[in-house]
Amino acid sequence: MAVEIPSLVKTSRLRSRGGLLGECVAEFLGTFVLIAFGCGVVAMAVAALPGSGRAATPTTIFLAAGDWLLITWGWALAVVFGVYVAGGVSGAHLNPAVTLAMALRRGFSWAKVLPYWFSQVVGALTGAALVYLVYHDAINAYDSIVPGPKVNGHTNATFSIFATFPAPYFHGGVWGPLIDQIVGTAFLLMLIAAVIDLRNQAVKANLGPLIVGFAVAAIGMSYGANAGYAINPARDFGPRLLTYAEGWGSLAFPGSVAGSFSNYWWIPIVGPLIGGAIGIVVYDLFIGDVLNVRAELAELPPPGRSTPVRTSDDE
């Protein structure tokens, strides 16, 4: 805005938020927005639309691809606005896998990694709590009329509002969902690296968050059904804590459904951390290094020399 915006708190009291504390607060709020809208759209699809009479029956969900598109675009917009909220202060990682990748390959301070992770998880937990506050009546109504199996009266369908689980065709196996999370997050970081790389076809006019949202939509549409495309440890772990506290029990921790899958909770944490590291390394190996070479070749040599002079800093 063109007008000067006065601080709500005296400047002297805000100085401590000028550094890492302020960045962590931004990560908290950005992740809160991400989960509030992301889990909110799933609550709409699973419980609110059927329960409010806007579906064929009070338990009708996922009859067509359009239901999945509602969720994928909802999560995409959640990412867009979460990044717009926090980007100017913290860079809007909103995802421990992004934070780890930025520390590995983009010079992000390792001292900030754990504080960022903590802020992201707390923000995700708080965002999930808001969704539960708004939609608990719809959730309880859905759970009350759907046949079992149930844990403390809750179903796996309403658990899916908050956290992820693998598809039945994995038959409880670990490797399929783990690979799925690695691949999905690798694509996420590869695409983020491309979007923010000023040496490449850089996004103009602050449209980066929108393009990253498109990337999340693309991943959800292409790889979402295998395991719910968490691709973000905080996005899954924070809401999983909320569901455990609110009575989903073993569905949340250790993440088990009898005869389907067990001890699943760690996969949406470990898989994205591995995948994010792989994704940014792959981008740098195949694209980033080529851009560096081309930049070097574009340097004109001084008169009388056939190649540019390299300083000690360039070696």
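The residues of the chain are indexed from 1 along the displayed sequence.
Residues Val79 and Leu94 have side chains not in contact (no heavy-atom distance under 4.5 Å, counting atoms from C-beta outward). In this structure, the side chains of Trp75 and Tyr229 come closer than 4.5 Å at one or more pairs of heavy atoms. Between Leu104 and Trp110 there is a side-chain heavy-atom pair separated by less than 4.5 Å. Looking at Ser119 and Val25, their side chains never come closer than 4.5 Å, going by heavy atoms from C-beta outward. The shortest side-chain heavy-atom distance between Val146 and His154 does not fall under the 4.5 Å cut-off. The shortest side-chain heavy-atom distance between Phe108 and Leu100 does not fall under the 4.5 Å cut-off. Side-chain contact check for Phe286 versus Val290: every heavy-atom pair is 4.5 Å or farther apart.
For Phe162 against Ala128, the heavy-atom pair with the smallest separation is CE2-O, 3.6 Å. Nearest heavy-atom pair across Phe165 and Ser160 is CE2-CB, 3.3 Å. Closest heavy-atom contact between Asp180 and Ala227: OD2-CB, 3.6 Å.
The side chain to side chain donor-acceptor pair (under 3.5 Å) search around Tyr84 returns none, not counting sequence neighbours. Take Phe81 and apply the ring pair (Phe, Tyr, Trp, His ring centres under 6.0 Å) test, not counting sequence neighbours, and it matches no residue. Residues satisfying the side chain to side chain donor-acceptor pair (under 3.5 Å) test with Thr158, not counting sequence neighbours, are Asp143, Thr155, Trp248. Among residues two or more places apart in sequence or in another chain, the side chain to side chain donor-acceptor pair (under 3.5 Å) test is passed with Asp236 by Thr164, Arg240.
Counting non-hydrogen atoms of other residues, nucleotides and ligands closer than 6.0 Å to OH of Tyr244 gives a total of 12 or fewer. Within 6.0 Å of OH in Tyr283 there are more than 12 heavy atoms belonging to other residues, nucleotides or ligands.
Listed by first and then second residue, the salt bridge (Lys or Arg N to Asp or Glu O under 4.0 Å) pairs involving residues 215-232 amount to none (not counting sequence neighbours). Sorted by first and then second residue, the ring pair (Phe, Tyr, Trp, His ring centres under 6.0 Å) pairs with a member in residues 19-53 form an empty list; sequence neighbours excluded. Sorted by first then second residue, the salt bridge (Lys or Arg N to Asp or Glu O under 4.0 Å) pairs that include residues 265-284, not counting sequence neighbours, are Arg105-Asp284, Arg106-Asp284. Evaluation of the salt bridge (Lys or Arg N to Asp or Glu O under 4.0 Å) test over residues 192-213, restricted to residues two or more places apart or in two chains, returns Asp197-Arg199. For residues 130-140, the set of pairs meeting the side chain to side chain donor-acceptor pair (under 3.5 Å) definition, not counting sequence neighbours, is empty. Applying the side chain to side chain donor-acceptor pair (under 3.5 Å) definition to pairs two or more places apart or across chains, those involving residues 21-36 are Glu23-Lys112, Glu23-Tyr116, Glu27-Ser90, Glu27-Gln120.
Under a hydrophobic-cluster definition in which Ile, Leu, Val, Met, Phe, Trp and Tyr are linked whenever side-chain heavy atoms come within less than 4.5 Å, directly or via other members, Leu49 and Leu77 are assigned to the same cluster. The cluster map of Ile, Leu, Val, Met, Phe, Trp and Tyr, joined by side-chain heavy atoms under 4.5 Å apart, puts Met102 and Leu285 in the same cluster.
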Donor-acceptor pairs under 3.5 Å, side chain of residues 211-224 to any protein atom, not counting sequence neighbours: which ones?
from	atom 1	to	atom 2	distance (Å)
Ser222	OG	Ala218	O	3.1

Return a table of donor-acceptor pairs under 3.5 angstrom between the side chains of residues 262-274 and protein atoms on other chains or two or more places apart.
from	atom 1	to	atom 2	distance (Å)
Trp266	NE1	Asn263	O	3.1

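The closest donor-acceptor contact from the side chain of Ser144 to the backbone of Ala141 lies under 3.5 Å. Listed for the Asn232 side chain is a donor-acceptor partner under 3.5 Å among the backbone atoms of Ala234. A side-chain donor-acceptor contact under 3.5 Å links Asn95 to the backbone of Ala97.
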